[in-house]
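See below for the structure under consideration.
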Amino acid sequence: MQSERALVMKRFSRFTWFGVVACLLAMGCEPEKKRGASNVGKTGGDGGLAGEKPVVVVTTTMLASAAREIGGDAVEVRAIMKPGGDPHLYQPRPSDAKMVTESALVITSGLHLEGWIDDLVRNAGGERPVVVASQGVEPIKMEGSPGGVDPHFWFDLREWSKASQNITDAMVDLVGEETDAGKDISKRGAAYKARMQAMHTWTGEQLATIPDAQRILITSHDAFHYFGRAYKIDVEGIQGVSTEQEASQRDVANVIEKVKSREAPAIFVESSVNPSLIKQVASETGAKVAGPLFSDSVGTPGSGAETFEAMFVKNVEEITTNLGGDYKAFSPEEKGK
């Protein structure tokens, strides 16, 4: 775990940053009153409009992927996080406050993933709806994690479907249910949910081919418990739910023992987490290092995991093939295209 001094310095750093943002806004970045688009609600900056499109700001890259697909040309989606980033460790920048100031709607992941978002929205100025995508999700309780819950709900596609409906509803409310844009968003949202359901069924089929003795997923940090709950596979992370939590030697030793006792054929690095602990476990056990898995972010350009859907499919392929399963590709027909 982080030392008390490190935690104090981190909190001081965040307090100082938000103080600077508040001063900048007071010195000349005072949001203008919204103009036009009365159904958008109160906003700051340019009224949350990019030309004729309302601006929707989202926190994570997974939300950005879904919001862009569902929103289509009706909105402009801007993401605070960039591909490959870690939301647990993210420190907001002044440009993030400007982005929020210019928005008509903010969508967050919730479940205490973004501990920085409330201060960011509060200090950005202006008013706009803030929608929590995980509203209605059945959280996994986890002692020692922020808020006592696991925030990685997107790895259960049934729960992610709930989030996609929340995103759809928020954007329809933004543009108006009876507008052409609203009707188009509703159609795209319904198609997205149908595809997530097909992918949920397909995922269960892939993981069912892994031999029982090898059905254990060992990763850098505890990001896959919703995946384990949904698809009936044991999950073990070296670090805690948040990558802010430092693993102890006891944590590492416990995972080494687990790998040996289960004779796990592979253990997995993650794209946004330092791989050193996984490599240490591999050197002690002889297990194959596989991956990377994409946990807290979609992949960077060229990774083949640039969208939420692609990231999820790539993870399923990595897990199934490296744990001895019989992988069948997710076909265009199954995607509902």
Side-chain angles (χ1 to χ4, degrees), residues 1-15 17-18 57-65 79-93 96 100 106-121 132-134 137 139-156 159-160 163 217-228 235-248 251-252 255 268-278 291-300 303 305 308 311-312 315:
M1 299 293 291
Q2 290 177 309
S3 69
E4 181 178 350
R5 183 175 183 275
L7 287 170
V8 169
M9 291 301 293
K10 181 172 183 180
R11 291 175 183 140
F12 176 78
S13 173
R14 283 185 177 171
F15 174 82
W17 183 90
F18 285 118
V57 169
V58 300
T59 52
T60 70
T61 59
M62 291 77 69
L63 290 176
S65 175
I80 292 174
M81 296 292 301
K82 300 297 184 288
D86 184 343
H88 301 289
L89 302 177
Y90 188 70
Q91 293 289 325
R93 302 165 298 178
D96 296 331
V100 172
V106 173
I107 302 176
T108 72
S109 189
L111 296 180
H112 301 272
L113 178 68
E114 317 100 324
W116 37 267
I117 190 62
D118 289 341
D119 284 338
L120 177 59
V121 172
V132 180
S134 58
V137 164
I140 291 176
K141 295 181 180 180
M142 189 159 287
E143 186 177 349
S145 62
V149 294
D150 185 340
H152 303 90
F153 71 93
W154 51 90
F155 284 126
D156 181 339
E159 304 292 9
W160 184 247
L217 176 61
I218 295 174
T219 60
S220 299
H221 87 297
D222 275 328
F224 290 90
H225 286 285
Y226 288 91
F227 189 87
V235 172
E236 190 83 30
I238 301 177
Q239 290 175 268
V241 167
S242 172
T243 52
E244 290 182 316
Q245 298 171 315
E246 295 180 3
S248 67
D251 294 328
V252 176
V255 172
F268 297 83
V269 296
E270 298 173 45
S271 61
S272 56
V273 183
N274 189 312
S276 59
L277 291 177
I278 283 291
L293 300 182
F294 297 87
S295 54
D296 292 331
S297 171
V298 303
T300 55
S303 64
F308 173 77
M311 132 189 190
F312 200 99
N315 281 352

Spatial distance of atom [atom1] ([X]) from atom [atom2] ([Y]) [nearest 0.5 Å]:
X: L120; Y: T59; atom1: CG; atom2: OG1; value: 10.0 Å
X: I140; Y: Y226; atom1: CD1; atom2: OH; value: 5.0 Å
X: D86; Y: N274; atom1: CG; atom2: CG; value: 11.0 Å
X: M311; Y: S297; atom1: CE; atom2: OG; value: 7.0 Å
X: T219; Y: I278; atom1: OG1; atom2: CD1; value: 6.5 Å
X: W154; Y: L113; atom1: CH2; atom2: CG; value: 4.5 Å

#### Entry: Qualifying residue for side chain to side chain contact (heavy atoms under 4.5 Å, CB included) with H225, from H152, M142, E236
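It is M142, the one option of H152, M142, E236 that forms the side chain to side chain contact (heavy atoms under 4.5 Å, CB included) with H225.
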### Task
Determine, stepwise, if the pair I80 / Y90 fulfils side-chain contact (heavy atoms from CB on, under 4.5 Å).
CA-CA 10 Å; I80 292 174; Y90 188 70; 3.6 Å; yes
Can you name the closest pair of heavy atoms from [X] and [Y] and give their distance?
X: D296; Y: T61; result: O-OG1, 4.5 Å
X: L111; Y: P139; result: CD2-CB, 4.1 Å
X: L63; Y: I107; result: CD1-O, 3.8 Å
X: P292; Y: S271; result: CB-N, 3.8 Å
X: F153; Y: A163; result: CE1-CB, 3.6 Å
X: G110; Y: S134; result: CA-OG, 3.7 Å

### Task
Please report the C-alpha distance between D222 and D150 in whole Å, then the side-chain angles of each, then the deciding distance to 0.1 Å, and finally whether the side-chain contact (heavy atoms from CB on, under 4.5 Å) criterion is met.
CA-CA 8 Å; D222 275 328; D150 185 340; 5.5 Å; no
#### Entry: W160 ring center near F312 ring center (under 6.0 Å)
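No.
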### Message
Between E270 and F224, does the side-chain contact (heavy atoms from CB on, under 4.5 Å) criterion hold? Intermediate values first, please.
### Response
CA-CA 11 Å; E270 298 173 45; F224 290 90; 4.2 Å; yes
### E114 and T108 side chains, donor-acceptor separation under 3.5 Å
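T108 vs E114: no donor-acceptor pair found between side chains.
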Do [X] side-chain atoms and [Y] backbone N/O form a donor-acceptor pair below 3.5 Å?
X: D119; Y: W116; result: no
X: N315; Y: L293; result: no
X: S220; Y: V269; result: no

### Within-4.5 Å side-chain heavy-atom neighbours: H88 and P146
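With C-beta onward as the side chain, the pair stays apart.
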